[in-house]
Amino acid sequence: MLQELSEQEELRRTKLAELKKLGIDPYPAEEFKVNVTAQDIKDNYERDKLNYKDIRFAGRIMGIRDMGKAAFAVLQDSTSRMQIYIRRDDICPQEDDKTLYDVVWKKLIDIGDIVGIEGYVFTTKVGELSIHATSFKLLSKALKPLPIVKTDADGNAFDEVTDPEFRYRQRYVDLIINPKVKKTFEQRTTIINTIRAFLNDSGALEVDTPVLQSIPGGATARPFMTHHNALDIPLYLRIANELYLKRLIVGGFDWVYEFSRNFRNEGMDRTHNPEFTILEFYVAYKDYFWMMNTTEKLLEKIANDLHGTTDVVVGENTLSFAAPFKRISIFDSIKEHTGMDVSKMEEAGLREVCKTLHLEIDETMGKAKLIDTIFGETCEGKYIQPTFITDYPVEMSPLTKKHRTEEGLVERFELMINGKEIANAYSELNDPIDQRERFEEQIKLMERGDDEAMFIDYDFLRALEYGMPPTAGIGIGIDRLCMLMTNQPSIQDVLLFPTMRPENNTVATEEIN
RNA sequence: GAUUCUGUAGCUCAGCUGGUAGAGCAAUACACUUUUAAUGUAUGGGCCCUGGGUUCGAGUCCCAGCAGGAUCACCA
């Protein structure tokens, strides 16, 4: 990567050389023992001042206010920011040599550098909690200038870096300069930890299943394809892990779960990234009613653990995650929003309805897809508060058990929140003969031109033939859940490194040649 | 994939109906030993995304490309 250096970058390299000339290692190897964090000081100093008389603190310099023979600087560690006060006569007690302050601190240290200090905590005249530094040590020299975002007393940010390309490509900088971004990702981890604790406390077993699959099953999507050289076979990155988790239920685990990184070779937008995370869990001897109850409890707990309340503000709306959530069947929902009862209709009737509603349809669409289109266009966006949509037509759910009383339906629900699908769950189909027929239906759909139909996994059928207990299963979109819980409008803001087209100047063509 | 908007200093942005670049922050120099968007004075810093075209002359107009955003389509 060959690139012209800017004026400021040239200058910092010069400073680096001068530091070395003074015998200062700009990248020292030895441990710098830290005994306090910024947040610790803020939380506990007033209560227990004696503990902050002899502290060692390290962080990145985010700002310097030079006052001549003394200076204030703002240091940022992993927890927060803390002002430090540094005086020439403390740093350089001997009368004849003020190099360390006048040259090293004032000339050779920049915003963005990482330093460690020793000192004591005090409060300034104007009341700001600070560390009075008695010594400092350079721990890492920054060669690129950091874009500085200044914030006033009211929290207004000035010159905030908002360019999405800059923020996503150089997330490390985004995290340094935008504290809110860091908070979002801490919240994401809190959400995942809450889910994991909830499941583990319930006796669930976390498992790992293959990411590389020879049959990309369990969902309908275009997979990423790769090739295994030693076996000389094509392999696919998984689009779902459902069929593997069900094999484990056959194997005798009663409750398994996995945070599954899935890969789908499809479009990207505000709610889609080529790789994304779905939590799936499967529980033996349960049905989809039990799963609705459990899902409500889980989401209520996530909101509470994260915000201390079940009310979560998302954009213009305040969502209530207090259980129970509203439940309505897909046919009742369509009736409610269009006034039409499509529950008894055949394909021709559904096509008429679509025409009346001015919905775009084509010849390859079967009964299920038509119903899905009607629901998607007229109902889905209306469900702002968490709502379970239940009892889907059998044709659009090839892995779901037939409804216990309703002909032509399956025991399935989707959880809609803020107009988007967040979770999808079934009473799992465990009848191996029925499952085989459903797969064969999918083949027919494929032949009709539906490029989204499922592949058949014969080993999965074999597993079912050994007997799978009645099971309830669910998939919850973790990225979308995080978007809701952290009030982020784009999936890229809840993924640390969202997929992007590579920058051409960072591709190592020199190495390839 | 389609439509549309954006791309100017390290960062945030100005730049009119075409006349060879501006501000704030950051940087450099000097002053200042409790400041806080520190302050004051001075200074430096630009393949104006890339390549074509129109024109005496293009940051500005036209075409193509690259990158990103938004909307739509597909999908979770």
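Below, read A as the first sequence line, B as the second, and so on, with proteins coming before strands; counting in each chain starts at 1.
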Side chain of Asp163(A), base of C11(B): donor and acceptor closer than 3.5 Å? no
Roughly how far apart, to the nearest Å, are G53(B) and G57(B) at atom P? 12 Å
Looking only at heavy atoms, what is the nearest atom pair of Thr123(A) and Glu46(A), with distance? OG1-OE2, 4.4 Å
U17(B) and C13(B): how far apart are their C1' atoms, nearest whole angstrom? 23 Å
Expected list for residues 59-74 of chain A near RNA chain B, using heavy atoms below 4.0 Å, is Arg65(A), Asp66(A), Met67(A), Gly68(A), Lys69(A), Ala70(A), Phe72(A)
Sorted by chain and number, sequence neighbours left out, side-chain hydrogen bond (donor to acceptor under 3.5 Å, both in side chains) with Tyr168(A) holds for Asp493(A)
List the steps and the verdict of side chain to side chain contact (heavy atoms under 4.5 Å, CB included) for Ser333(A) and His337(A). CA-CA 6 Å; Ser333(A) 173; His337(A) 289 100; 3.7 Å; yes
Output one line per pair: protein atom, nucleotide atom from nucleotides 45-51 of chain B, and distance, for all N/O pairs under 3.5 Å.
unit_1: G45(B); atom_1: O4'; unit_2: Glu7(A); atom_2: OE2; d: 3.4

Between A29(B) and C56(B), how far apart are the C1' atoms? Round to whole Å, please. 44 Å
Quantified in whole Å, what is the C1' atom distance between nucleotide A21(B) and nucleotide A70(B)? 30 Å
May I ask you to verify whether the side chain of Glu128(A) and the base of U36(B) hold a donor-acceptor pair under 3.5 Å? yes
Taking atom C1' in both G1(B) and C47(B), compute the distance separating them and give it to the nearest angstrom. 33 Å
Using the rule ring-ring contact (aromatic ring centres under 6.0 Å, His included), only one of Phe57(A), Tyr85(A), Phe72(A) pairs with His132(A); which is it? Tyr85(A)
If you count heavy atoms of other groups shown closer than 6.0 angstrom to NZ of Lys183(A), is the number above 12? no
Donor-acceptor pair (no angle test) under 3.5 Å: Gln83(A) side chain, U35(B) base: yes
side-chain hydrogen bond (donor to acceptor under 3.5 Å, both in side chains) partners of Arg264(A), counting only residues at least two apart: none
How is Gln170(A) classified with respect to the nucleic acid when contacts are heavy atoms under 4.0 Å: base, sugar-phosphate, or nothing? nothing
For Gln39(A), side-chain hydrogen bond (donor to acceptor under 3.5 Å, both in side chains) partners two or more places apart: Asp43(A)
Just jot down the side-chain hydrogen bond (donor to acceptor under 3.5 Å, both in side chains) partners of Thr184(A), sequence neighbours excluded, or say none. Gln488(A)
Check each of Leu138(A), Leu100(A), Ile86(A) against Trp105(A) using the side chain to side chain contact (heavy atoms under 4.5 Å, CB included) test, and report the only one that passes. Ile86(A)
Decide side chain to side chain donor-acceptor pair (under 3.5 Å) for Thr134(A) and Glu118(A); before the verdict, give the C-alpha distance in whole Å, the side-chain angles of both, and the deciding distance to 0.1 Å. CA-CA 6 Å; Thr134(A) 50; Glu118(A) 293 178 300; 5.2 Å; no
Residue-phosphate contact under 4.0 Å: Arg270(A) side-chain N/O, U71(B) OP1/OP2: yes
Planes under 30° and centres closer than 5.5 Å, is that true for Phe158(A) with the base of G24(B)? no
Roughly how many Å apart are G59(B) and G51(B), using the P atom of each and rounding to a whole number? 12 Å
Mind checking Glu421(A) for me? I need base, sugar-phosphate or nothing, with any heavy atom below 4.0 Å counting as a touch. sugar-phosphate
Taking atom P in both G10(B) and A67(B), compute the distance separating them and give it to the nearest angstrom. 22 Å
Taking only N and O in the side chain of Arg501(A), is any of them less than 4.0 Å away from OP1 or OP2 of G68(B)? yes
Considering only side-chain heavy atoms of Val161(A), which listed nucleotide, U35(B), U12(B), U28(B), is closest? U12(B)
Are any of Lys106(A)'s side-chain N or O atoms less than 4.0 Å away from OP1 or OP2 of U28(B)? no
Between G44(B) and U4(B), how many Å separate the two C1' atoms, rounded to a whole number? 40 Å
Reckon Lys150(A) has a side-chain N or O less than 4.0 Å from the OP1 or OP2 of A38(B)? yes
Between G24(B), U34(B), A76(B), which nucleotide has the shortest distance from any of its atoms to the side chain of Tyr85(A)? U34(B)
